[in-house]
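The figures that follow rest on heavy atoms only: side chains count, while hydrogens, waters and symmetry mates do not. These numbers come from a predicted model, not from an experiment. In what follows, every chain begins at residue 1, and chains take the letters A, B, ... in the order their sequences are listed.
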Amino acid sequence: MPFNRLFYLAIFSLLAGCGEPQQSANVDYEQVYPAVTGGNMINAMTGEPSGLIPMIAGESAASAIASNIFNSLLKYDKNLELEGELADSWTIAADHRTITFKLKPDMKWADGKPLTSADVLFTWQLVTDENTRTPYGSDYKLVIKAETPDALTFRVSYQEPYAPALDTWAGLQILPKHLLEGQDINTTTFARNPVGSHYYKLEQWRNGERISLVRNPLATQGEARIERLVSRFIPDAASQFLELMADNIDTMNLNPIQYARIFPSRPDLTQKIGLYKELGNSYTYLGFNLKRKPFNDVRVRQAINYAINKQELIDGVLLGLGEPVSSPYKPGTRWTNPELQPYSYDAQKAIALLKEAGYADHDGDGILDKDGKPLTFEMLTNQNKQREMSAVLIQRRLKEIGIDARIRVLEWASFIGRFIKTGEFDAVVLGWSLSLDPDQYSIWHSSQQAPGQFNFIGYSNPQVDRLLEQGRLELDIEKRTKIYHEFARLLQEDSPIVYLYAGYGLPAIHKRIKGIDDPAPPAGIGHNSHEWYIPQPLRRLEISAQ
Amino acid sequence: MRRILSNPMAFGGFIIIAVIMLLALAAPLITPFDPEAIDVKSILLPPSSTHWMGTDGLGRDVFSRMLYGARVSLMVGIVAVGIATLIGIVLGSISGYYRGWVDVFIMRVVDVMLSIPTFFLILAVIAFLTPSIWNIMIVIGLTSWMGVTRLVRAEFLSLRNREFVMASEALGARDGRLIFKHLLPNSLTPIIVSSVLGVASAVLVESGLSFLGLGVQAPQSSWGNILTDGKEYIEFAWWLSLFPGLAILITVLGYNLLGEGLRDALDPRSSN
């Protein structure tokens with residue numbers, strides 16, 4: 001179709017800036033269209049990256065864009081199982097200390113130079129170099145020897161077996177040696193002008209406005225279909241939503257109100273924008289300071305867990321768009337223990353447990369007490385609407401069983417600096433991410449309680465410590481699964497935190513974009529974005545004078 | 001009093017403030033809803049005959065929250081200004097009556113305080129203390145006494161040289177008698193006017209602090225934190241932003257009208 005090709009070309013060469021989009025008249029979004037290449041997808045991000053070398057930049061905006069430019073050795077498939085990306089295969093030696101990666105043959109960087117094991121080794125050297133200012137070095141420093149027996153083989157050896165190792169190799173994006181050798185990685189201009197090996201390459205970066213990526217014909221994973229990915233920087237979520245409604249961006253993540261209240265009342269929006277749901281990547285919890293009374297008593301913790309109605313939180317805070325969790329892993333994935341159920345809402349059981357722990361309302365003021373001290377505590381949280389609302393709902397439920405919980409909302413920096421790092425709190429409403437590797441050593445191991453470390457609630461259980469240590473050494477996936485199922489069970493029983501909910505991710509994507517996997521698999525809606533396509537009749541007709 | 005009532009500005013302001021105070025005091029009689037009662041089944045309902053101002057993100061009745069919030073706003077305004085006025089009168093009297101190095105010292109303290117942007121000073125102080133309604137009243141009071149101090153001092157300086165004051169001094173009146181019998185009563189008018197205007201700005205500061213999450217803490221309501229709750233839903237739930245915004249506007253307007261009106265009405269030089 002030479003005519004069509006020419007037509008695309010004409011449009012693309014005209015496209016440059018913020019032209020007024022013109023909605024083509026009466027397009028049918030529901031019709032089935034064959035997959036084609038071409039078209040532009042525009043998304044919005046709240047911040048502008050500081051650079052596009054992910055190990056240096058660190059912020060989420062940088063990794064979101066860099067993940068379209070660079071490859072890792074491994075990646076997670078749609079069901080969150082590891083598979084090869086640059087690596088064709090990998091083998092783990094019998095002593096579980098050495099991993100050998102075989103790279104796929106004939107891979108090229110976007111500039112045409114070959115991609116080999118030397119690049120992988122170079123990247124490992126960079127990330128472990130003392131002069132590289134990266135927060136991600138520690139995992140890779142556990143490697144005592146890295147070598148490249150040939151151009152397609154990369155081998156790493158560890159002092160002792162380290163089970164999260166494979167996950168770390170899915171997280172390290174490989175950089176080109178031939179462009180970075182001899183340069184200072186912290187200041188190199190490569191950060192503004194990266195060359196990678198993934199589906200897209202940088203086309204243009206306009207400061208404070210947008211970054212556009214264009215399809216990389218030499219991509220190691222095959223070619224993507226959409227020609228151009230444009231990321232516009234729109235700091236304010238409300239403005240992003242206006243831009244989505246005005247058809248100036250194609251995708252954004254909605255909040256529950258936008259998803260469940262605004263969209264259903266706007267047929268003009270639902271007609272052109274599709275709504276999706278995916279597993280969220282974090283959970284919200286109520287955590288207790290286990291070193292303080294009354295939370296050093298497991299019965300008090302369990303009682304509070306029974307007294308909180310998780311479904312009410314999900315209905316009230318997330319408008320039903322979330323689910324309860326009972327382990328720190330994504331629901332439905334391998335690491336989640338299917339036998340665990342969240343603590344049911346049972347006020348009677350809560351009162352009975354508190355009675356057993358010695359609490360009763362002796363002075364008749366409506367608040368339980370023990371040894372003359374009322375059962376009262378302060379819940380801290382940061383300025384996050386959903387967490388504040390959760391705290392208010394929890395406060396009400398606890399009052400019903402005679403616990404007086406006060407709420408204090410703090411600004412993030414002082415929250416962390418003055419309360420979390422010093423351990424000066426009773427209870428907190430906060431969130432943890434649902435990690436893909438099950439290793440939770442830094443959060444729950446009793447050795448991780450120093451100021452600034454993650455076990456700030458002071459959790460200490462020798463059995464859990466042992467499981468966490470075993471889990472790090474066990475590379476057999478079945479055995480490892482068992483270890484973490486048991487870990488989650490003990491955690492649930494001890495109730496050092498109350499799992500409140502895991503909210504769904506709520507992506508809205510314009511219906512001009514086809515090929516989306518719905519419902520989203522565990523890996524999320526974007527797992528096959530390279531297969532998404534934009535049928536020609538549905539494309540934006542953008543004409544700009546620039 | 002007759003003069004106040006015959007001044008339309010003062011009268012209008014007086015009526016506004018009186019109505020808001022009445023509503024705040026009679027809150028439990030007016031609304032059947034508990035302002036803190038959560039109902040997840042009626043989240044973000046628009047205004048209706050049951051919920052006159054709709055419901056908020058947790059299904060709480062906005063009208064009840066507004067009424068109880070009015071108590072907070074009015075109390076903060078009045079108590080904070082009370083503190084500020086008291087400090088201002090004491091320091092201003094000392095400064096204006098004794099003059100000399102005491103005067104110089106107090107006036108330099110005033111200058112220093114005035115050179116610090118008050119709202120940011122309050123923000124910094126509140127961030128260190130636990131935010132609560134009492135702390136806010138005290139902090140606003142302790143940071144807004146400078147105007148009154150200057151006013152009282154100026155009045156004292158000019159009154160000090162009047163014949164009646166000199167006469168009573170010549171007759172052997174002591175300091176206390178001079179200050180409380182002659183100087184203070186004659187300086188009351190500007191103090192009252194500036195206090196009433198001060199309440200208006202204290203109401204604004206409290207709303208601002210609550211809006212930033214540093215004011216009245218959940219589950220208690222104040223106009224400022226209803227407004228913050230509404231910010232999230234502004235394109236959808238207009239009632240959460242409109243009503244508290246209007247309430248703040250009208251209250252501040254009321255105090256300002258009353259203050260300006262009082263100034264006109266009580267000014268002996270005015271033609272009335």
How long is the gap from CD1 on B:Ile38 to CG on A:Leu393, to the nearest 0.5 Å?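 It is 4.5 Å, given to the nearest 0.5 Å.
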To the nearest 0.5 Å, how far apart are CZ in A:Arg408 and OG in B:Ser132?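 The OG atom of B:Ser132 is 9.5 Å from CZ of A:Arg408, to the nearest 0.5 Å.
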Can you name the residues that form a salt bridge (Lys or Arg N to Asp or Glu O under 4.0 Å) with B:Arg150, not counting sequence neighbours?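 Salt bridge (Lys or Arg N to Asp or Glu O under 4.0 Å) check on B:Arg150 returns B:Asp111.
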Is the closest side-chain heavy-atom distance between A:Val392 and B:Arg60 below 4.5 Å?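 Sidechains of B:Arg60 and A:Val392: in contact.
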Around atom [atom1] of [X], are there more than 12 heavy atoms of other residues, nucleotides or ligands at under 6.0 Å?
{"X": "B:Trp238", "atom1": "CH2", "result": "yes"}
{"X": "A:Lys399", "atom1": "NZ", "result": "no"}
{"X": "A:Trp432", "atom1": "CH2", "result": "yes"}

So what's closer than 4.5 Å to chain B heavy atoms on A:Glu312: side chain, backbone, both or neither?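 Both parts, heavy atoms under 4.5 Å.
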Check whether B:Asp229 gets within reach of chain A through its side chain, its backbone, both or neither, counting any heavy atom under 4.5 Å.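 Both backbone and side chain.
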So what's closer than 4.5 Å to chain A heavy atoms on B:Leu214: side chain, backbone, both or neither?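 Nothing of B:Leu214, per the 4.5 Å heavy-atom cut-off to chain A.
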Using only atom types and a distance under 3.5 Å, with no angle test, would you say the side chain of A:Arg396 pairs donor to acceptor with the backbone of B:Ala37?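 No, because the side chain of A:Arg396 does not come within donor-acceptor range (under 3.5 Å) of the backbone of B:Ala37.
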Which pairs pass side chain to side chain donor-acceptor pair (under 3.5 Å) with one or both residues in residues 19-36 of chain B, sequence neighbours excluded?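 Sorted pair list: B:Thr31-B:Ser64.
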